[in-house]
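Below is one structure, written out as C-alpha cells; comments come after it.
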2 protein chains.
Amino acid sequence: MQHNPIKFNLELNPNVSVDCVIFGFDLEQLTVLLIDRGEIPSGFGPRMALPGNLIYDNENLDMAANRILDELTGLNNIYLEQVGAFGDPDRIHKESDREWLKSIRAEPEARVITVAYYSLVPISKYKPQAASFAKNADWIPVSQINELAFDHFEILQAAKDKLKQKIKIQPIGFNLLPAKFTLSQLHRLYESILDKPLDKRNFRRKIQKLNILTSLREKQRGVPHKPSLLYEFNEEKYQELTQTGFDNFGF
Amino acid sequence: MQHNPIKFNLELNPNVSVDCVIFGFDLEQLTVLLIDRGEIPSGFGPRMALPGNLIYDNENLDMAANRILDELTGLNNIYLEQVGAFGDPDRIHKESDREWLKSIRAEPEARVITVAYYSLVPISKYKPQAASFAKNADWIPVSQINELAFDHFEILQAAKDKLKQKIKIQPIGFNLLPAKFTLSQLHRLYESILDKPLDKRNFRRKIQKLNILTSLREKQRGVPHKPSLLYEFNEEKYQELTQTGFDNFGF
DNA sequence: TTGGAAAGTGTAAATTTGACACAAAGCTAT
DNA sequence: ATAGCTTTGTGTCAAATTTACACTTTCCAA
C-alpha cells in the first residue's frame, strides 16, 4: 500500500509513529536491535536510532508495531508490550532528523508523537531482512548504549524499566531464549535484565520450585566443561500456577 | 488560546487526545471522576465518559494531562502517571460519539488516538470548576462502573491495573488521602486498590516497620467510637528507604 | 592423564508471613 | 450515670521464605 505525504495545517494534528525497542539476548548480555542512519555531518547527533515508522490509517497501534517488527526481522508472533507515548513539541530539532523523517515519509516540519513498544526476540531466529531500513540494523549490547537519535535514549530507558518490572511478575524471559536452554543461561538473563547479581543456588532453587520448567533428558554438547541439562518452558504449568493467584517471582 | 478545526487529508494524521482517569478515595472506596455527557437517545451508548481533550500543538503530553486536570478540578501539582496510548481505527463509530467529538473541537470523521493518564487526587481538595465540561462531573465508585463511552472502560481497566502494580512498589497511596490520616483509612485504601482483604494487624505491622509515617500527637475528633491516632506521610524517610534499594512493599 | 571451566548440589540462621482474639476508648441513647 | 455500640490497637507462635556460603562432578582440550 502506498502512502503519499500531503501538506495540511498541523495545528491540532501531529504525525503519529511507532518505535520499537527490540530486545535480544546473546547468552551473555541484553542487546537491542538498532538502525544505523549512516554518515551524518559531525555535530548533528547520534547515528543510531530505534526502528520505527508512521502508523497507517487502517491499522491499530499493535498492528503497526508488529508490522515494523516483521519488516525488520521477518518475525511475527513475537512478544510485544507497549511502553507508552512520547511527544514533546520540540522533539525534532536537528536538520539530520528532518532528513531522516522524510525518508520514512513523515512531514519533516510536523510535530511527531510516537508510541513506543518493546519486544522480546529469540536472537537465534533473527535473520536480517531486505527492507531498506533493515540494511543497517545491528544488535548492540544495552550496556554500551549511552546516546541515541531523537528522544530514543529516553524511550530505551523507559523500556528497560518496564521490562525489569514485568519480569518480576511474569515469566516473559523465555521469549529471549531458544526453546531449549540451560538454567545458567536463564540465570544470566535475569541478572542482565534486573541489572544485579543473583546467587546461583538460590536462583535455581526458586525457579525450580515454581515448577514451570520441563527438564529434558538432554545435555549440552560440545562445550569445554561439564555440559548442562537442557530445559523447556512449560506454558501449561505456568497457567496452572497463575490460577493460584501467583503474580510475583520475588526478585 | 483558540483552536479551530480545519479540514485536511487524514490518511496519516490522526487527532491526538489525552484522557484522564482521575482517582479519588472517599475513605470507603476508590472512585473516579466521570463526565456525564447528558441525555443521549437510547441505543446510543453510555452517557458517562472520562474527561479528555485534544492536545494543543505547543504542549507536551504531560502538560495536556495537567491542563485537563486543572480545568476540571482546579488542582495542579497532582500525582500523574501515563497509562498508555489507545487507538483502534474504528474506535469512533456511534453518531453520539461524533457529536461529542465536535463539542471538544475534534474532527468527527477523523481517527482519534488517545493517550491515557491516571491521577491521584485527595478528594477533599476537589471543588467543582466552572469549565463547561466540568458542570456534569461526579465521583463514581470504581466498583459500580461497568460501561463507559468509547473505549473508556478499557482505559479505566488498564489504569486500575497500573495503579495496582505501582502501589506495590511505591507509596503513592498517600496522594489519595488528606495530609493527616489514620492507619485504618490507609488500610481500606490498600484493600480497595488491591481489591483483596488484608489482615489488619499484619498490615499495620508491615507499614509501621517501613518507618515512613510520622505519628502525630493528635487524635480523631467527633467519631462515635474510640478515636484513632493520626499520621502523616514522611517524604524524607521514604527517600532514605529508597537509598537502600527498597522497591517492594510485599503486598 | 591432567588441567581448566562451568554445572550442580545442601544446610543453618535470620527474617518474614499468616493466622488468630480480646481489651480500651470514645460517643450515644436512655 | 451507665450500658451498649463501634472501631482502635495490640502479641505470639508456627510455617515459609530468604540469605549466605564451598566443594565435587563432568566434559573437553592439550
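Numbered from 1 within each chain, the chains take letters A, B, ... in sequence-line order. Worth saying up front: this structure is predicted, and the values here are computed from it rather than measured.
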| request: Go through the steps to decide whether A:T31 and A:D26 satisfy the test side chain to side chain donor-acceptor pair (under 3.5 Å), and finish with yes or no. | output: CA-CA 7 Å; A:T31 61; A:D26 63 12; 5.7 Å; no
Indicate, with a heavy-atom threshold strictly under 4.0 Å, whether [X] touches base, sugar-phosphate, or nothing.
X	result
B:L183	nothing
B:S184	sugar-phosphate
B:K200	base

Roughly how many Å is it from [atom1] in [X] to [atom2] in [N], rounded to a whole number?
X	N	atom1	atom2	result
A:F203	D:dC21	CZ	C1'	19 Å
B:L198	C:dC20	CG	C1'	16 Å
A:R204	C:dA6	CZ	P	14 Å
A:R188	C:dA6	CZ	C1'	14 Å
A:K196	D:dT19	NZ	C1'	13 Å
B:I207	D:dG9	CD1	P	14 Å
A:F246	D:dT17	CZ	P	11 Å
B:H187	D:dT10	NE2	C1'	15 Å

Can you tell which of D:dG9, C:dG10, D:dT17 lies closest to the side chain of A:K209?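 The closest nucleotide is D:dT17.
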Out of D:dG9, C:dG8, C:dA7, whichever nucleotide has its closest atom nearest the side chain of A:L229: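 Side chain of A:L229 sits closest to C:dG8.
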Review point. Considering heavy-atom distances to DNA chain C, does B:F249 or B:D199 have its closest nucleotide positioned more toward the 5' end?
Key: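 Closer to the 5' end of DNA chain C: B:F249.
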Cationic N near anionic O, under 4.0 Å, [X] to [Y]:
X	Y	value
B:K162	B:E81	no
A:K237	A:E240	no
B:D247	A:K168	yes

| query | Mapping B:Q185 and B:R205 onto DNA chain D by nearest heavy atom, which one lands closer to the 5' end? | reply |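 Nearest nucleotide further toward 5': that of B:Q185.
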Ignoring backbone atoms, establish whether B:S228 has a side-chain N or O less than 4.0 Å from OP1 or OP2 of D:dT8.
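Indeed not, no polar side-chain atom of B:S228 lies that close.
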> Donor-acceptor pair under 3.5 Å: do we get one between A:R201's side chain and the base of C:dA7?
Replying inline: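 Not at all, since no donor on one side and acceptor on the other fall under 3.5 Å apart.
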Review point. For the residue pair B:A64 and B:V18, what are the closest heavy atoms and their distance?
Key: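 Here B:A64 and B:V18 meet closest at CB-CG2, 3.9 Å.
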message = Can you give me the closest heavy-atom contact between A:Q82 and A:L61, atom names plus distance?
response =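 Nearest heavy atoms, A:Q82 then A:L61: NE2-CD1, 4.3 Å.
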- Task: Could you tell me whether the side chain of B:I212 reaches within less than 4.5 Å of the side chain of B:F233, counting heavy atoms only?
- Result: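 They are in side-chain contact.
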- Tell me, which of residues 213-227 of chain B have any heavy atom that sits under 4.0 Å from an atom in DNA chain C?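 Contacts with DNA chain C under 4.0 Å: B:K219, B:V223, B:P224, B:H225, B:K226, B:P227.
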